[in-house]
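Shown next, in structure tokens, is the structure this report addresses.
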Amino acid sequence: MDEIANAKPRNGIGWVIVAAATLVLLVAVILHIRFGRQMARLVSNQFNQEQLSVARGIEKLVELSLGNIEKDLLQLAGRIASSHVDPGDWAARLQPDLERMGMAGVAEIRIWDRAAGTAAVYARGIPFQTATERTPIGVESLLPVPGEIALTSPQVDGARITMFMLTPIGPGNTLFLGYNINLVWFLTPLLKDIRSGISGYAWIIDDQGRFLYHPFKNFIGRSAFEARKSAYPDLNFVAIDHIQKREMLQGREGTGMYQSAWHRGLTGEITKLIAFCPVHIAQRPRQFWSIAVVAPTDEIAHAVNLIGRGQLVLQGLMILVVVTAATALYVFEARFSQRLEKLVTARTRALKRSEEKYRLLIESAEDFIFTLDTAARLKSVNSYTANFFGSDAEHLLDRHLCELFSEDVGQRNSKAVEKVFTTQRSVREEIEIRSVDPPVWLNANYMPLKNDAGEIHTVLCIARDITETKNLQQNLVAAEKLAALGTLAAGVAHEINNPLGVILGFCDLLIRKQPPDSQGYQDLKIIERQGLHCKAIVDNLLSFARKREVSEESTDLKQCLEEIIQVARHGFERRMVTVRTELARRIPPVQGDCRQLQQVFLNLMNNAVAAMPEGGELYVGMTLEKGSRRAAVKVSDTGVGIPEHHLDRIYEPFFTTKPEGEGTGLGLFVSYGIVSRFGGTLSCESRVAQKYAEKSGTTFTVKLPLSS
Ligand code: ADP
Ligand code: MG
């Protein structure tokens, strides 16, 4: 019980909660970081995919626009071929075509005469002119057939980048129609409004790595590798150089990330995401450009952060919920266990108290309380029982009833225990313990103790000392017998008394008439003596019967005793009996008539002396029993004692063990009558010489109520 009271599970659980909360927090942080990174990667990838599709869109746009120019070129070549107008006259006619195609980036229209080695040039804002000019480099080797197109690679001329698109006019490979496309004009309208994210843009390089279009005008026409480096020599462009060289210039499609130095006028180190794809410009000679769409990662980081922040808030909320729940649980648990603890402590205390109460009850009981198993062996014993048998409780455990009581009593009680187990009922038994002196009588009640299942596991015995009751009972039986006998005897005595008086009267008359020395005189004297003996008996009987003459007066017991001892002492001492008295100094008067009480004491003393034929000690003691308001007079001797089988009979009239003529057997009978009449008791304890040798003797006790 103490263990439960001392146990403090709250601390343990508190630590567990703290540890769990920390763990949750740690996991959340790690998850957040990992998730954040993953998220950034994911969003970057996603963003780059978007950029890639923007790049592809540009590719389509460029192809489409270039296709439109091609179509226009072929149409125009067709028209020129089918007309019979001299090419020199075409100047006026081509002006509207130039106006129209100027919108698509065409800066000049030329008609070459391969054989003559001249070219007619129709340029915007410039008067028509002819020049000695060969067909552009590269075209010569291609020599497109009618309906076919040839495209030169871009030519850089200062800030201008141009590209010729050629097709023959009619068969013969002599006349060629060419559009000179200003790539800045061509590409700017296509790309300037492209936006990736918020501020991302597109740029294009040709297959030699030159910028064909870039929002930063300075870069246009320059090598992408050198332009950056020369503009921002401190920065490292390894990443973009690598992407350009290994991916873009190989005509591949892809995504990546690089360090840039410029973004829409802002300079400095800027990390950018890039998606790129090739755009095929011409088949003969094979020519492609690479379109790149780029955007600073800041923008994405911003988005990622936004998501991350939301996620962080969510995680924070979750942790808060977990911690709050855990704390609530902890507090609840703590309160609960506290309440439980209090309850347990209170219950334990109550249990202890009640246990103690019962133990005290059993231990302080002046009854024999013990429990027995099926074999009638002691399983527990209270201290009264242990004290009675002069042992301690532990030594009595597991002893059999036969070891406690005499064999026959033990057997009888074992049977009683057996009976309780079989009948499940209480059994009462009277036990006489003869191992102590005087013997003790117990009234034992054997009761079944059942467990929860209703089975008897133990027998409880509560036994009470009933010796006194038993004695009283015996005395009562004796008293009733005596009373009956007394009445009978008194009746007889009364009947005999008168004739005896007559007999003695006539006897006296006859004695007087006889001379004293005659035989007749002697005979009559014998009759008279026997007659007087009878009269004494009759008187005794009558004095017993004289109930109505109870004297109400009270007597000074001490004085009464001293007088009679004084009278008798001398005679006793002659018979080698020493008299020892122990009389309490002051005793209130007792009920009774002094003369009659003296008769009682004298009877008892005579009997005592008679029991000590070889002398001994006669003890007379007087004490006051305050509790019961009685005076007790003990008359003890060291004589032969009274055998057990006589004890029941000594108060009977005419019971005597003395030889004829010495005892009447009425002494105790009459004494009993007198004491009873004054409301007192007469009792006897005796040890016979055969059994107790030197310690033999008899004690008679007279108890008389105080008169007041
Ligand atoms: P009696 O003395 O005439 O025999 P009692 O009534 O006085 O008659 O006694 C009855 C018997 O009780 C006695 O015969 C004797 O056997 C026994 N008795 C009485 N007192 C004593 C005693 N103190 N010691 C031994 N025996 C006694
Ligand atoms: Mg006597």
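Positions are given from 1, in the same order as the sequence printed here. Quick note: numbers below take in every heavy atom, side chains included, and nothing from hydrogens, waters or symmetry partners. Each ligand, and each atom within it, is numbered from 1 in the order the structure gives.
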List ligand 1 atoms under 4.0 Å from [X], heavy atoms only on the residue side.
X: I642; result: 25 (C), 26 (N), 27 (C)
X: A611; result: 22 (C), 24 (N), 25 (C)
X: T698; result: 24 (N)
X: A608; result: 23 (N)
X: F655; result: 8 (O), 10 (C), 11 (C)
X: G663; result: 3 (O)

Quiz item: Which of these, V688, T657, L668, V635, has its nearest heavy atom closest to atom 15 (C) of ligand 1?
Solution: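 Nearest heavy atom to atom 15 (C) of ligand 1 lies in T657.
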Quiz prompt | Heavy-atom nearest neighbour in the protein, as seen from atom 17 (C) of ligand 1, with distance rounded to 0.1 Å | solution =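 It is I650 CG2, 4.1 Å.
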Quiz item: Do the side chain of Q598 and the main chain of C560 share a donor and acceptor less than 3.5 angstrom apart?
Solution: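 Yes, because the side chain of Q598 sits within donor-acceptor range (under 3.5 Å) of the backbone of C560.
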Under 4.0 Å, heavy atoms only, figure out whether ligand 1 is touched by the backbone of [X], its side chain, both or neither.
X: T656; answer: both
X: D637; answer: side chain
X: N607; answer: both

Quiz item: Looking only at distance, does V640 have an N or O less than 3.5 Å from an N or O of ligand 1?
Solution: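 No - when backbone and side-chain N and O of V640 are compared with those of ligand 1, no distance drops under 3.5 Å.
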Quiz prompt | G639 touching ligand 1 at heavy-atom level, < 4.0 angstrom | solution =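 For ligand 1, residue contact (heavy atoms, under 4.0 Å) with G639 is absent.
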Salt bridge present between [X] and [Y] (N-O < 4.0 angstrom):
X: R512; Y: D508; answer: yes
X: R464; Y: D367; answer: yes
X: D593; Y: R677; answer: no

Quiz item: In a check of side-chain hydrogen bond (donor to acceptor under 3.5 Å, both in side chains) between Y619 and each of E582, K634, R580, which one passes?
Solution: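 Exactly one candidate clears the test, E582.
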Donor on one side chain, acceptor on other, [X] and [Y], under 3.5 Å:
X: E617; Y: T638; result: no
X: D392; Y: H395; result: yes
X: Q411; Y: E407; result: yes

Exercise. Verify the neighbour count for atom NZ of K379: are there more than 12 heavy atoms of other residues, nucleotides or ligands below 6.0 Å?
Key: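 Buried by this count: over 12 neighbours within 6.0 Å.
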Practice problem: Please list, in chain and residue-number order, the protein N/O/S atoms closer than 2.8 Å to the Mg ion (ligand 2). | Solution: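 Only N607 OD1 fall inside 2.8 Å of the Mg ion (ligand 2).
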Practice problem: Check the angle between the aromatic planes of F389 and F405 and answer parallel, tilted or perpendicular using the 30° and 60° thresholds. | Solution: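 Tilted, since the angle between the ring planes falls between 30° and 60°.
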